[in-house]
Amino acid sequence: MRVYKVEKPADKIIINGLTTLMSEQMESLSANVEKNALANTISTALNTDSGAEFFVAERDHLFVGAAFLNSGIGLDKGGAYIWLNDLYVKKAYRRQGIARKLLLNVLYWAEQKEFNGIELETGVNNVATKKLYNSLGFYDIVSKRYGRTLTRPE
C-alpha cells in the first residue's frame, strides 16, 4: 500500500478516483451530493491556488482511503492550522491501519509546513475513530458546530 499527498494540479484519473471514493463517504454520511458536483469540488480543491489538500491510500491502483483537509488562519491558533474535513477508508479495508497511516502522513506534512495545529470533528458515538485520534495526540474540544448553506445571486 502507498500513502501520499496528491500533487496539484491533479489529472482527471486522480479526480475520478477520488470522486468514486468520496461518493462512498458522502453516502455513508447521508449527504445528498450529486457525483458531478462532487467531482467539480474535488477538481477545485486540487487546483494549485487552493488551500485544500488530499492524501490518499492506494492499493493495487485503487484508492482505498483518503484524507481531505483545508488550511486556515486561526486567531486562537496564533496562525495557520489545518481543518481535517474528511477521513475515509473503504469498508473492506478498515481495521488495517490505513486511517492511521493517512493521519500520520498528514501530521508529518503539516509539521514540515509549520502549521500550528490541526482540528477535526467526529461523531460523539464513534468510539473507534475517537480512539484513533486520541492515540495520535488529539484531545476533545468542547464546542457545538453550526452550519448554513448559502444561496448565490442569480
Side-chain angles (χ1 to χ4, degrees), residues 1-8 10 14-15 17-33 35 37-39 41-47 50-150:
M1 180 184 51
R2 184 174 153 222
V3 176
Y4 59 93
K5 185 175 87 57
V6 175
E7 295 301 319
K8 295 178 183 180
I14 298 282
I15 292 167
L18 280 169
T19 300
T20 299
L21 179 67
M22 299 315 287
S23 288
E24 293 176 23
Q25 166 70 335
M26 295 299 103
E27 287 175 24
S28 75
L29 297 172
S30 299
N32 190 17
V33 180
K35 202 162 187 175
L38 184 59
T41 301
I42 291 169
S43 181
T44 299
L46 291 172
N47 282 332
S50 166
E53 302 290 347
F54 268 100
F55 286 74
V56 296
E58 183 179 327
R59 182 174 286 159
D60 300 323
H61 306 290
L62 174 69
F63 290 158
V64 297
F68 173 57
L69 56 95
N70 280 279
S71 60
I73 305 294
L75 297 175
D76 62 329
K77 300 287 179 266
Y81 77 102
I82 297 292
W83 178 262
L84 183 64
N85 297 72
D86 290 284
L87 178 65
Y88 180 70
V89 176
K90 290 173 83 61
K91 275 192 177 184
Y93 295 89
R94 292 182 186 164
R95 307 197 68 72
Q96 297 177 30
I98 295 170
R100 175 177 293 279
K101 288 176 185 169
L102 282 163
L103 272 175
L104 287 170
N105 273 262
V106 168
L107 291 169
Y108 179 78
W109 173 83
E111 288 171 348
Q112 298 305 306
K113 295 290 185 181
E114 299 184 359
F115 283 95
N116 293 338
I118 183 169
E119 290 188 12
L120 55 90
E121 183 177 55
T122 191
V124 176
N125 297 321
N126 195 337
V127 176
T129 303
K130 288 169 69 173
K131 184 177 176 182
L132 169 65
Y133 293 141
N134 290 145
S135 76
L136 292 173
F138 288 81
Y139 51 88
D140 291 339
I141 298 173
V142 179
S143 68
K144 179 66 179 164
R145 187 173 174 196
Y146 289 83
R148 178 180 173 195
T149 301
L150 300 175

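Annotation: side chain of F54 is in contact with side chain of M22 (closest heavy-atom distance under 4.5 Å). L104 is not listed as a side-chain neighbour of V3, based on a closest heavy-atom distance of 4.5 Å or more. Between D86 and M26 the shortest side-chain heavy-atom distance falls below 4.5 Å. Within the 4.5 Å cutoff, side-chain heavy atoms of L69 are placed close to those of W109. Under the 4.5 Å side-chain criterion, counting only non-hydrogen atoms from C-beta, L87 is not in contact with T122. Residues I118 and F138 meet the side-chain proximity criterion, which asks for heavy atoms closer than 4.5 Å. By the 4.5 Å heavy-atom criterion applied to side chains, M1 and K101 are counted as neighbours. Contact of the S71 side chain with the K113 side chain is not registered, since no non-hydrogen atoms from C-beta on lie closer than 4.5 Å.
Side-chain atoms of S23 come within 3.5 Å of backbone atoms of T19 as a donor-acceptor pair (strictly under, hydrogens ignored). Judged by distance alone, the side chain of N116 and the main-chain N or O of K77 form a donor-acceptor pair under 3.5 Å. Put simply, the side chain of R94 gets close to the backbone of V89: a donor and an acceptor are under 3.5 Å apart. S50 contributes no side-chain N or O that, together with a main-chain N or O of L46, makes up a donor-acceptor pair within less than 3.5 Å.
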Go through the steps for F63 and I14 under the test side chain to side chain contact (heavy atoms under 4.5 Å, CB included), then give the verdict. CA-CA 9 Å; F63 290 158; I14 298 282; 3.8 Å; yes
Given Q96 and R59, is the side chain to side chain contact (heavy atoms under 4.5 Å, CB included) satisfied, shown in steps? CA-CA 12 Å; Q96 297 177 30; R59 182 174 286 159; 2.9 Å; yes
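Remark: the Y81 side chain and the E119 side chain contain no N/O donor-acceptor pair separated by less than 3.5 Å.
Of all the heavy atoms in R100 and S135, the pair that sits closest is NH2-OG, 2.6 Å. Shown here for A67 and L84, the closest heavy-atom pair between the two residues is CB-CD1, 4.1 Å. Shown here for F68 and A52, the closest heavy-atom pair between the two residues is CE1-CB, 3.7 Å. Summarising the geometry of I15 relative to A39, their closest heavy-atom pair is CG2-O, 3.9 Å, with the distance given to 0.1 Å.
When the options L18, L21, V6 are evaluated for a side-chain contact (heavy atoms from CB on, under 4.5 Å) with I42, the one that passes is L18.
Atom CD of Q25 and atom NZ of K90 lie 11.5 Å apart (nearest 0.5 Å). Separation of atoms CG (L102) and CG (L107) is listed at 11.0 Å; rounding is to 0.5 Å. Atom CZ of R2 is separated from atom CG of D60 by 13.0 Å, given to the nearest 0.5 angstrom.
Atom OH of Y4 has more than 12 neighbouring heavy atoms from other residues, nucleotides or ligands inside a 6.0 Å radius. More than 12 heavy atoms of other shown residues, nucleotides or ligands fall within 6.0 angstrom of atom CG in D76. Sparse packing is recorded around CD of E114, with 12 or fewer heavy atoms of other residues, nucleotides or ligands lying under 6.0 Å away. For NZ of K5, the number of neighbouring non-hydrogen atoms (other residues, nucleotides, ligands) closer than 6.0 Å is greater than 12.
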